[in-house]
S.K.: 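The structure is given below, and queries will be raised subsequently.
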Amino acid sequence: MPADLQDEPGADGVGSRAIGTSVTDGSARARAAAAALATVPPRPGVPKPDPILVADGVLRQFGGLTAVDVEHFEVQRGVITALIGPNGAGKTTFFNLLTGFDKPNSGTWSFEGKELAGMPAYRVARRGMVRTFQLTKALSRMTVLDNMRLGATGQRGENFFRALLPASWTAQQKGIDARAVDLLGRFKLDSKAGDFAGSLSGGQRKLLEMARALMVEPTLVMLDEPMAGVNPALTQSLLGHVKDLREQGMTVLFVEHDMDMVRDISDWVVVMAQGRIVAEGPPDVVMADPAVIDAYLGAHHDAPLSLEEEEAQIGGARVETLTDGRDEA
Amino acid sequence: MDIAVILENTIRALFNAEALILALAAIGLNVHFGYTGLLNFGQVGFAAMGAYGIGSGVVYLDLPFGVSLLLGIALAVLLALALGIPTLRLRADYLAIVTIASSEVIRLTARSAELRELTGGSSGVNGFSQGFYSMNPFSPGSYGIGWLSYDANRFFLLVVGWTLVALCSVLVFLLMRSPWGRVLRGIREDEDAVRSLGKNVVGYKMQSLVLGGIFGAFAGFAFALANSSVQPDNYGTQFTFLAFTAMILGGAGRVIGPVVGAIVFQTSLVLVENVLIQAKGAGYISDRILESTDIGAVRFVLVGVALMALMIYRPQGLFGDKKELALDAR
Ligand SMILES: Nc1ncnc2c1ncn2[C@@H]1O[C@H](COP(=O)(O)OP(=O)(O)O)[C@@H](O)[C@H]1O
Ligand SMILES: [Mg+2]
């Protein structure tokens, strides 16, 4: 996808990403996040001082296969939490359950202290818990701007009867458009506002999906493999955007295979394997944990170990994104 | 071979009742399929609700004509709810299966002997259109110009019918450029994405099903009044597929697509039929190749082949945007 290379004037090419750096940016939010978690012991299911999301006994089976079996799980407010684990660990299924896109066999979870189990997906989103998808869902035959507008909640014109009275919604739409254009500018998509989303490159669609999710004004953003299939030249700017979310006071929970990215931006890492949470803690602690290395080597062995291997995987992931529809279910 | 007869009949077909019935049904399908992506293979069921609403309402329930119209609309809304509530939460194919089955169930139920007191059974309903034609402001005589001349009652029906087509199209136009229509188009593209943005997708799909179903009932009104009769066997699955053909021919997801598609499709059928009749009459086609009694069926074959060719070279229909269609491959 050579087009991706031109997407990002600021990015300086392939293979230049920061490697092995922990949370190095000195912003107040980053330091506050690190401080809040400093005293939390690194063990699976550990309680957090200020959890925004708490899950208990979430079990999801597909026939005989147990895809998710999480005893206890908490996400600290205002920090970036990474959810890692080999392919098939149950990360996407866990996302689907938490956001109402799938129903568990059993389990409860709450968001900002309110029970969410059984709540339809659209109400979960309205509460401020918004997710993106592993396989990007750009609304192809709609313009980039219309994609963005769709993200705004509480639109008067979305009511059937008021839709027929443009006077009742045009003013509100102006405000929404201003917000959309501002966000598109931040994601360097403003020049594409009038184009069909289907004409964007894979990386641009990922950016659009993230920007669109922000139109909902979420408090918790859940990103399922935001880097999968994205040209390495775009990853730096995507990383910046994720960090930005924390700067703006949002909580981020994201699934990622790219260990460098995980190490670079996350305040806390949770490891899943075969449906269970097998480890959690600060990035450097978790990455050194034998249980984690075991989980990765034991299963598909798909954590990149070297830069070459990782490049090969990024290429592979892109092909998978184009052809494989399984995870979408 | 009389070219003038062919021309006259073809031009008369442009605005005849068949085109208008098909246009109304196709406008409804366009709301369902063209804008929301709902696969409703039972649009004729909604038309039957409209037709039996006025027919049975006037004849068997002794309701005033206006109330019978409301009954037809109410029945269409109830049908939409009955079809939508169990299926709209499920994958798209469930609605398709349930709608195609339900439209046949409706037809077979309506023609059953047990319901003779309510639907007239297999002989249908007659003698209900007086309430409509008594409102005719045109005094008896001939209206229109040249070949497009009609008697007062037919002229009244066509004026009311095409006005309804125009009003429905304006309504669709206003709705689809509003935020409400944007949600429907989003659902057509990917309903999970729309859900993840906090929209009640099932609720919107239901509204779309109801709205398009009401347009289907309007088609049933026009069908019943044009024939002054409701015949259950006119409400078979072919009605739905002709409406689909009209919509796709004109361009799904375009406001005027279904209207132009319906007119072009009906007119082509009449043109081909008349050419065959005239050619046969002039002895150009021998009985070994085509019997006169087969012309009615053969015209569908010929128009069908022409449509296939059109879809190969213009898959987006007459008014669709090819570039937009190509984007569908996500
Ligand atoms: N709809 C489904 N039906 C059957 N099995 C599924 C379904 N979705 C996921 N799975 C299975 O559940 C397991 C977890 O999958 P997933 O959550 O996609 O893993 P991850 O996102 O961690 O790669 C896998 O074994 C997968 O094959
Ligand atoms: Mg996954």
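Proteins come first, then strands; the chains are lettered A, B, ... in the order of their sequence lines, and each starts at number 1.
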S.K.: For A/Arg131, run the side chain to side chain contact (heavy atoms under 4.5 Å, CB included) check against A/Asn96, A/Leu223, A/Val221, A/Leu98 and tell me which one passes.
M.R.: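 Among the candidates, only A/Asn96 passes.
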S.K.: Using a strict 4.0 Å threshold on nitrogen-to-oxygen distance, state whether A/Asp182 and A/Arg179 make a salt bridge.
M.R.: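 A salt bridge is absent here (no side-chain N lies under 4.0 Å from a carboxylate O).
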S.K.: Any donor-acceptor pair under 3.5 Å linking the side chain of B/Thr36 with the backbone of B/Leu184?
M.R.: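 Here the side-chain-to-backbone pair does not exist.
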S.K.: Quick check on A/Ala213 against chain B: is it the side chain, the backbone, both or neither that has a heavy atom closer than 4.5 Å?
M.R.: backbone
S.K.: Do the two ring centres, one from B/Phe46 and one from B/Phe215, sit under 6.0 Å apart?
M.R.: no
S.K.: For B/Leu211, which atoms come within 4.5 Å of any heavy atom of chain A: side chain, backbone, both, or neither?
M.R.: side chain
S.K.: Is it the backbone or the side chain of A/Ala152 that comes under 4.5 Å from a heavy atom of chain B, or both, or neither?
M.R.: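 Answer is backbone: N, CA, C or O of A/Ala152 sit under 4.5 Å from chain B.
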S.K.: Is B/Arg195 salt-bridged to B/Glu191, going by a charged N under 4.0 Å from an acidic O?
M.R.: yes
S.K.: Given a strict heavy-atom distance threshold of 4.5 Å, which part of A/Arg156 is in contact with chain B: side chain, backbone, both, or neither?
M.R.: neither
S.K.: Need one label for A/Glu209: side chain, backbone, both or neither, based on atoms under 4.5 Å from any heavy atom in chain B.
M.R.: neither
S.K.: In terms of heavy-atom pairs under 4.5 Å with chain B, which of A/Val216, A/Leu150, A/Ile176 leads?
M.R.: A/Leu150
S.K.: Would you mind checking which part of A/Thr153 comes under 4.5 Å of any heavy atom in chain B, side chain (CB onward), backbone (N, CA, C, O), both or neither?
M.R.: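 Both parts, backbone and side chain.
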S.K.: Under 4.5 Å from any heavy atom of chain A, what part of B/Val202 do you find: side chain, backbone, both or neither?
M.R.: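 B/Val202 has no heavy atom closer than 4.5 Å to chain A.
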S.K.: How about CZ on A/Phe160, more than 12 heavy atoms from neighbouring residues, nucleotides or ligands closer than 6.0 Å, or not?
M.R.: yes
S.K.: Would you mind checking if A/Glu158 and B/Lys199 are paired as a salt bridge, meaning a charged N to carboxylate O distance below 4.0 Å?
M.R.: yes
S.K.: Given the options A/Arg162, A/Arg123, A/Gln173, which has more heavy-atom pairs under 4.5 Å with chain B than any of the others?
M.R.: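 Heavy-atom pairs under 4.5 Å are most numerous for A/Gln173.
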S.K.: Report the option among B/Gly186, B/Gly198, B/Gly181, B/Gly253 that has the most heavy-atom pairs separated by less than 4.5 Å from atoms of chain A.
M.R.: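 Among the listed options, the one with the most contacts to chain A is B/Gly198.
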